[in-house]
Visitor: 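Take a look at the following structure, please.
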Amino acid sequence: MKPAPLITVLDDTPEIRSILTDGLEQAGFRVRSFGRASEFEQACKTISPDACIIDLGLPDSDGLALVHRFASQSDAPILIISGRSRTQDKIVGLELGADDYIIKPFELEEVIARLRVILRRTNAETTKSESKTVRFCGWTADLNLLQLTKDTGERQNLTFAENEILKMFLASPNRLIRREQILDYLGSSADDAFDRSIDVKVSRLRTKLGDDAQNSRIIKTVYGAGYIFIAEISEG
């Protein structure tokens, strides 16, 4: 039997760590909690969390810098829980690699629901040896390993959200995919911060693919509407 998903909780407030740890464990998750960024980063050298909850107000690190650093090194989705309520804070957090953002004070039930949403597409029943690959425009996408490999051997790692967006494009080539559809697919709320973050995530995916937005061969922008995946694809 596969073990329950492992969630790491990083928050410098003991009461919040306790609430999240107890609630998540009662919901069936395994939990490791940390009060300092240094403890969290050291632990992640030896454990592989299935998802991370990260507070931005940390005593020993800038929370946004930590989110960006972790997202560039790990495929685990990130849920930010923070007292920073400005739309700009949410946008920056999502741009830097977070998959979702909840403002404190929070409802435990919402945290659990959001976690389940971002975990539901992590291929719970597959292993790396069962990787599905798709070829397009000189690239091979391994959708289980969250990795792109170019015919030249160049490799690009995808974040969880970038990989999910690419899956959506590959499943519906030559069809208009609206931002609202991507938001719904990712389980994100339909507010301005999340809507703008979709453009950022697609832009990052384009950059990794070496695709010019002005003369695209892969992802075409339909201004005011969404995107169309225009590259010819084949199963790997």
Visitor: Could you check whether any side-chain heavy atom of Asp62 comes within less than 4.5 Å of a side-chain heavy atom of Leu56, counting everything from C-beta outward?
Guide: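 Side-chain contact under 4.5 Å: no.
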Visitor: Check this for me: Arg178, atom CZ, are more than 12 non-hydrogen atoms of other residues, nucleotides or ligands nearer than 6.0 Å?
Guide: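 It does not: Arg178 CZ has 12 such atoms or fewer within range.
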Visitor: Rounded at 0.5 Å granularity, tell me how far SG in Cys44 sits from CZ in Arg32.
Guide: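 So the SG of Cys44 and the CZ of Arg32 are separated by 8.5 Å.
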Visitor: Taking all atoms of both residues into account, what is the closest heavy-atom pair of Leu119 and Ala51, and its distance?
Guide: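 Looks like CD2-CB, 3.9 Å.
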Visitor: Quick one: side chain to side chain donor-acceptor pair (under 3.5 Å) partners of Asn215, sequence neighbours excluded?
Guide: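 Asn215 satisfies side chain to side chain donor-acceptor pair (under 3.5 Å) with no residue once adjacent residues are dropped.
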Visitor: Could you walk me through whether Tyr101 and Ile91 pass side-chain contact (heavy atoms from CB on, under 4.5 Å), step by step?
Guide: CA-CA 9 Å; Tyr101 194 115; Ile91 292 172; over 6 Å; no
Visitor: Can you measure from CG (Leu10) to CZ (Phe34) and round to the nearest 0.5 angstrom?
Guide: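 Taking CG in Leu10 and CZ in Phe34, the distance rounds to 8.0 Å.
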Visitor: Ile81 versus Lys104: any side-chain heavy-atom pair under 4.5 Å?
Guide: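 Side-chain contact under 4.5 Å: yes.
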Visitor: How would you list, by chain and number, every residue that makes a salt bridge (Lys or Arg N to Asp or Glu O under 4.0 Å) with Glu162, sequence neighbours excluded?
Guide: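 Once residues adjacent in sequence are excluded, the partners of Glu162 under the salt bridge (Lys or Arg N to Asp or Glu O under 4.0 Å) criterion are Arg204, Lys208.
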Visitor: What's the separation between atom CG in Leu146 and atom NZ in Lys167, rounded to the nearest 0.5 Å?
Guide: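 Leu146 CG to Lys167 NZ: 7.0 Å, rounded to 0.5 Å.
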Visitor: Please enumerate all residues that pass side chain to side chain contact (heavy atoms under 4.5 Å, CB included) together with Asp12, with sequence neighbours excluded.
Guide: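 Asp12 satisfies side chain to side chain contact (heavy atoms under 4.5 Å, CB included) with Asp55, Pro59 only.
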Visitor: Check whether any side-chain heavy atom of Asp199 sits under 4.5 Å from a side-chain heavy atom of Arg179, and report yes or no.
Guide: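 A side-chain contact exists here, since the closest heavy-atom pair is under 4.5 Å.
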Visitor: Without swapping roles, check the side chain of Ser216 against the backbone of Ala213 for a donor-acceptor pair under 3.5 Å.
Guide: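 Side chain of Ser216 to backbone of Ala213, a donor-acceptor pair under 3.5 Å: no, none is there.
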Visitor: Run the numbers on Ile165 and Ile182 for side-chain contact (heavy atoms from CB on, under 4.5 Å), then give the verdict.
Guide: CA-CA 7 Å; Ile165 291 171; Ile182 300 175; 3.8 Å; yes
Visitor: Test your reading of the model: is there a side-chain donor-acceptor pair from Asn163 to the backbone of Leu143, 3.5 Å cut-off?
Guide: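 Yes, the answer is positive, given that a donor and an acceptor are paired below the 3.5 Å cut-off.
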Visitor: Looking only at heavy atoms, what is the nearest atom pair of Leu58 and Ala37, with distance?
Guide: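 Minimum heavy-atom contact is CD1-CB, 4.1 Å.
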Visitor: Among all residues two or more places apart in sequence or in another chain, which pass the salt bridge (Lys or Arg N to Asp or Glu O under 4.0 Å) test with Glu110?
Guide: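 Per chain and number, Glu110 pairs via salt bridge (Lys or Arg N to Asp or Glu O under 4.0 Å) with Arg114.
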Visitor: Leu170 versus Phe229: any side-chain heavy-atom pair under 4.5 Å?
Guide: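 A side-chain contact under 4.5 Å exists here.
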Visitor: Of the non-hydrogen atoms in Thr8 and Pro49, which two are nearest, and what is the gap between them?
Guide: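 Nearest heavy atoms, Thr8 then Pro49: CG2-CB, 3.7 Å.
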Visitor: Mind checking side chain to side chain donor-acceptor pair (under 3.5 Å) for Lys201 and listing every partner two or more places apart, or none if nothing turns up?
Guide: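 With sequence neighbours excluded, Lys201 shows a side chain to side chain donor-acceptor pair (under 3.5 Å) to no residue whatsoever.
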Visitor: Over all heavy atoms of both residues, which pair between Leu66 and Ser61 is shortest? Give the atoms and the distance, please.
Guide: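 Closest approach of Leu66 to Ser61: CB-OG, 4.1 Å.
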Visitor: Report yes if some heavy atom in the side chain of Val202 is under 4.5 Å from a heavy atom in the side chain of Tyr227; otherwise report no.
Guide: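 Side chain of Val202 against side chain of Tyr227, heavy atoms only: contact under 4.5 Å found.
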Visitor: Please tell me whether Leu183 and Leu205 are part of a single hydrophobic cluster in this structure, the criterion being side-chain heavy atoms less than 4.5 Å apart.
Guide: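 In one cluster: yes.
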Visitor: Under the criterion side chain to side chain donor-acceptor pair (under 3.5 Å), I'd like the reasoning laid out for Asn157 against Gln147: C-alpha separation, chi angles, the key distance, then a yes or no.
Guide: CA-CA 5 Å; Asn157 292 321; Gln147 191 173 80; 3.2 Å; yes
Visitor: In this structure, would Ile177 and Val200 fall into the same cluster of hydrophobic residues linked by side-chain contacts under 4.5 Å?
Guide: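 No, because Ile177 and Val200 fall into different hydrophobic clusters, even though each may have its own neighbours under 4.5 Å.
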Visitor: With the 4.5 Å side-chain cut-off for hydrophobic clustering, are Leu166 and Ile233 part of the same group?
Guide: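 Yes, it is one cluster - the side chains of Leu166 and Ile233 are joined through contacts under 4.5 Å.
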Visitor: Rounded to the nearest 0.5 Å, what separation is found between the CD1 atom of Ile218 and the CG atom of Leu209?
Guide: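 The distance works out to 4.5 Å.
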Visitor: Indicate, with yes or no, if Ile53 and Phe106 share a hydrophobic cluster defined by side-chain heavy-atom contacts under 4.5 Å among Ile, Leu, Val, Met, Phe, Trp and Tyr.
Guide: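 The answer is yes; both residues are in one hydrophobic cluster.
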Visitor: Could you list the donor-acceptor pairs under 3.5 angstrom formed between side-chain atoms of residues 68-80 and any protein atom two or more places apart in sequence or on another chain?
Guide:
{"residue": "Arg69", "atom": "NE", "partner": "Glu41", "partner atom": "OE2", "Å": "2.8"}
{"residue": "Arg69", "atom": "NH2", "partner": "Glu41", "partner atom": "OE1", "Å": "3.2"}
{"residue": "Arg69", "atom": "NH2", "partner": "Glu41", "partner atom": "OE2", "Å": "3.3"}
{"residue": "Ser72", "atom": "OG", "partner": "His68", "partner atom": "O", "Å": "3.4"}
{"residue": "Ser72", "atom": "OG", "partner": "Arg69", "partner atom": "O", "Å": "2.7"}
{"residue": "Ser74", "atom": "OG", "partner": "Ala76", "partner atom": "N", "Å": "3.0"}

Visitor: Would you tabulate the side-chain donor-acceptor contacts of residues 14-29 under 3.5 Å, counting partners in other chains and residues two or more places apart, or write 'none'?
Guide:
{"residue": "Arg17", "atom": "NH1", "partner": "Asp11", "partner atom": "O", "Å": "2.8"}
{"residue": "Thr21", "atom": "OG1", "partner": "Arg17", "partner atom": "O", "Å": "2.7"}

Visitor: Side chains of Asp89 and Ile103: does their closest heavy-atom pair fall under 4.5 Å?
Guide: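 No, their side chains stay 4.5 Å or more apart.
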Visitor: List for me each residue that meets side chain to side chain donor-acceptor pair (under 3.5 Å) alongside Arg206, sequence neighbours excluded, and say none if there are none.
Guide: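 Listed in chain order: Thr221.
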Visitor: Please enumerate all residues that pass salt bridge (Lys or Arg N to Asp or Glu O under 4.0 Å) together with Asp60, with sequence neighbours excluded.
Guide: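 Salt bridge (Lys or Arg N to Asp or Glu O under 4.0 Å) list for Asp60, sorted by chain: Arg36.
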Visitor: Applying side chain to side chain contact (heavy atoms under 4.5 Å, CB included), name anything that partners Glu232, two or more places apart in sequence or on another chain.
Guide: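 Glu232 satisfies side chain to side chain contact (heavy atoms under 4.5 Å, CB included) with no residue once adjacent residues are dropped.
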Visitor: Using side chain to side chain donor-acceptor pair (under 3.5 Å) as the criterion, list what pairs up with Glu95, not counting sequence neighbours.
Guide: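 Glu95 satisfies side chain to side chain donor-acceptor pair (under 3.5 Å) with no residue once adjacent residues are dropped.
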Visitor: Can you name the closest pair of heavy atoms from Leu148 and Leu158 and give their distance?
Guide: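 Shortest heavy-atom contact: CD1-CD2, 3.6 Å.
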Visitor: Working to the nearest 0.5 Å, report the span between CD1 of Ile7 and SG of Cys52.
Guide: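 These two atoms lie 8.0 Å from each other.
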Visitor: Can you confirm whether Val222 sits close enough to Leu176 that some side-chain heavy atom of one is under 4.5 Å from a side-chain heavy atom of the other?
Guide: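 Sidechains of Leu176 and Val222: in contact.
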Visitor: Do Val134 and Ile230 belong to the same hydrophobic cluster, where Ile, Leu, Val, Met, Phe, Trp and Tyr are linked whenever their side-chain heavy atoms lie under 4.5 Å apart, directly or via other members?
Guide: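 Val134 does not cluster with Ile230.
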Visitor: CG of Asp211 to OG of Ser203: how many Å apart, nearest 0.5 Å?
Guide: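 Answer rounded to 0.5 Å: 10.5 Å.
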Visitor: What's the shortest heavy-atom distance between Cys137 and Arg217, and which atoms?
Guide: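 Looking at all heavy atoms of both residues, the shortest contact is SG-NH1, 2.9 Å.
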Visitor: Any salt bridge (Lys or Arg N to Asp or Glu O under 4.0 Å) pairs touching residues 147-156, not counting sequence neighbours?
Guide: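 Listed by first then second residue: Arg135-Asp151.
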